[in-house]
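Below is one structure, written out as structure tokens; comments come after it.
FYI, side chains are in, hydrogens and waters are out, and symmetry mates aren't considered; it's all heavy atoms of this structure. Counting starts at 1 for both ligands and their atoms, in listed order.
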Amino acid sequence: MSFGIILKEALKNFFTKPVTTKYPFEPAHPPDKFRGLPIHLIEACTGCGLCEKDCPADAIKMIPDERTRKKQAPEFYYWKCIRCAQCYYSCPFDAIFMSKVFEVSVYDKTAISSEAIHK
Ligand code: SF4
Ligand code: SF4
């Protein structure tokens, strides 16, 4: 590569905004269709169990919960979740949405539970 081409590229980049961000020193702003952790909305959930059936990572287990029609609700094992959004697409009642939560590094993986995220 000639010096002229390098100089041209350097000058061009000198006057354009960087494409990278300063995360983690500044907050990250994930794009609109970013898939973070799936969040469960108990008010909309009927307890049908489709999310558990369709999850390819075995990251959902139905547990007893009196608040739903079928008296069971999904518990998410976030340490297994691969953010595929299948539960979001499978839920017929819009009781799951894909959040932009992605900062889930912890020392104790069981600390990333549905309850922890809802807090
Ligand atoms: S996003 Fe995918 S892996 Fe995660 S809980 Fe939903 S279906 Fe399972
Ligand atoms: S698919 Fe939706 S309504 Fe059915 S149990 Fe899962 S979250 Fe609840």
Side-chain angles (χ1 to χ4, degrees):
M1 189 180 283
S2 77
F3 179 73
I5 293 172
I6 294 171
L7 186 65
K8 191 177 158 200
E9 194 65 23
L11 283 172
K12 191 178 91 186
N13 284 302
F14 190 75
F15 293 106
T16 54
K17 214 173 145 204
V19 291
T20 51
T21 66
K22 292 183 177 170
Y23 178 83
F25 304 107
E26 289 178 5
H29 301 287
D32 285 346
K33 292 188 176 172
F34 181 84
R35 294 195 307 232
L37 293 180
I39 301 291
H40 180 234
L41 304 170
I42 190 71
E43 320 81 59
C45 180
T46 62
C48 69
L50 268 178
C51 52
E52 179 193 47
K53 186 172 149 289
D54 289 353
C55 174
D58 198 23
I60 300 175
K61 186 174 178 348
M62 298 303 290
I63 58 167
D65 194 316
E66 292 297 319
R67 293 173 295 175
T68 66
R69 220 180 293 160
K70 298 200 173 191
K71 302 196 183 332
Q72 58 172 3
E75 181 174 56
F76 289 78
Y77 302 138
Y78 285 130
W79 64 93
K80 288 184 174 179
C81 176
I82 55 173
R83 326 280 195 260
C84 66
Q86 185 56 57
C87 53
Y88 163 76
Y89 289 113
S90 295
C91 180
F93 301 100
D94 293 332
I96 297 173
F97 74 93
M98 298 306 287
S99 72
K100 291 186 179 179
V101 176
F102 69 95
E103 291 166 309
V104 291
S105 299
V106 289
Y107 289 108
D108 175 9
K109 66 182 180 184
T110 58
I112 316 171
S113 65
S114 309
E115 293 75 32
I117 297 298
H118 285 302
K119 276 179 192 163

Find all atoms of ligand 1 within a distance of less than 4.0 Å from any non-hydrogen atom belonging to Cys81, and give their numbers and elements. 1 (S), 3 (S), 4 (Fe), 5 (S)
Does ligand 2 have a heavy atom under 4.0 Å from the side chain of Gln72, from its backbone, from both, or from neither? neither
Here the gap from Met62 atom CE to Thr68 atom OG1, rounded to the nearest 0.5 Å, amounts to 6.5 Å
Relative to the heavy atoms of His40, which atoms of ligand 2 are at a distance of less than 4.0 Å? 7 (S)
Please state which protein non-hydrogen atom is closest to atom 4 (Fe) of ligand 2 and give its distance, to 0.1 Å? Cys48 SG, 2.2 Å
Under 4.0 Å from any heavy atom of Ile82, which atoms of ligand 1 are there? 3 (S), 4 (Fe)
Just which atoms of ligand 2 are under 4.0 Å from any heavy atom in Ile96? 7 (S)
For atom 7 (S) of ligand 1, closest protein heavy-atom neighbour: Cys87 N, 3.3 Å
Nearest-neighbour protein heavy atom for atom 5 (S) of ligand 2, which is reported as residue plus atom name and distance: Gly49 N, 3.2 Å
Can you report which non-hydrogen protein atom sits closest to atom 6 (Fe) of ligand 2, along with the distance? Cys51 SG, 2.3 Å
How close does the nearest protein non-hydrogen atom get to atom 8 (Fe) of ligand 1, and which residue and atom is it? Cys55 SG, 2.3 Å
Does atom CZ of Phe93 have more than 12 heavy-atom neighbours, drawn from other residues, nucleotides or ligands, at distances under 6.0 Å? yes
Keeping Arg35 on the side-chain end and Arg83 on the backbone end, is there a donor-acceptor pair under 3.5 Å? yes
I'd like to check which ligand 2 atoms, numbered from 1 as shown, lie under 4.0 Å from a non-hydrogen atom of Met62. 5 (S)
I need the atoms of ligand 1 closer than 4.0 Å to a non-hydrogen atom of Ala85, numbered in the order shown. 1 (S), 2 (Fe)
When you look for heavy atoms under 4.0 Å from ligand 1, do you find them on the side chain of Arg35, its backbone, both, or neither? neither
Has Cys45 got an N, O or S atom lying less than 2.8 Å from atom 8 (Fe) of ligand 2? yes
Numbered atoms of ligand 2 (with element) below 4.0 Å of Gly47, judged on heavy atoms: 5 (S), 8 (Fe)
For atom NZ of Lys70, decide whether the heavy atoms of other residues, nucleotides or ligands shown that lie under 6.0 angstrom number more than 12. no
Quick test: of every protein heavy atom, which one is nearest to atom 2 (Fe) of ligand 2, and how far off is it to 0.1 Å? Cys91 SG, 2.3 Å
Which atoms of ligand 2 are found less than 4.0 Å from any heavy atom of Phe93? 3 (S)
Indicate, with yes or no, if Met98 and Ile42 share a hydrophobic cluster defined by side-chain heavy-atom contacts under 4.5 Å among Ile, Leu, Val, Met, Phe, Trp and Tyr. no
Does Gln72 use its side chain to pair, donor to acceptor, with the backbone of Gly47 at less than 3.5 Å? yes
Minimum side-chain heavy-atom gap Thr21-Glu26 below 4.5 Å: no
Is it the side chain (CB and beyond), the backbone, both or neither of Thr68 that lies under 4.0 Å from ligand 2, heavy atoms counted? neither
With atoms numbered from 1 as shown, which atoms in ligand 1 lie under 4.0 angstrom from a non-hydrogen atom of Ala57? 3 (S)
Give the numbers and elements of all ligand 1 atoms closer than 4.0 Å to a heavy atom of Ile60. 5 (S)
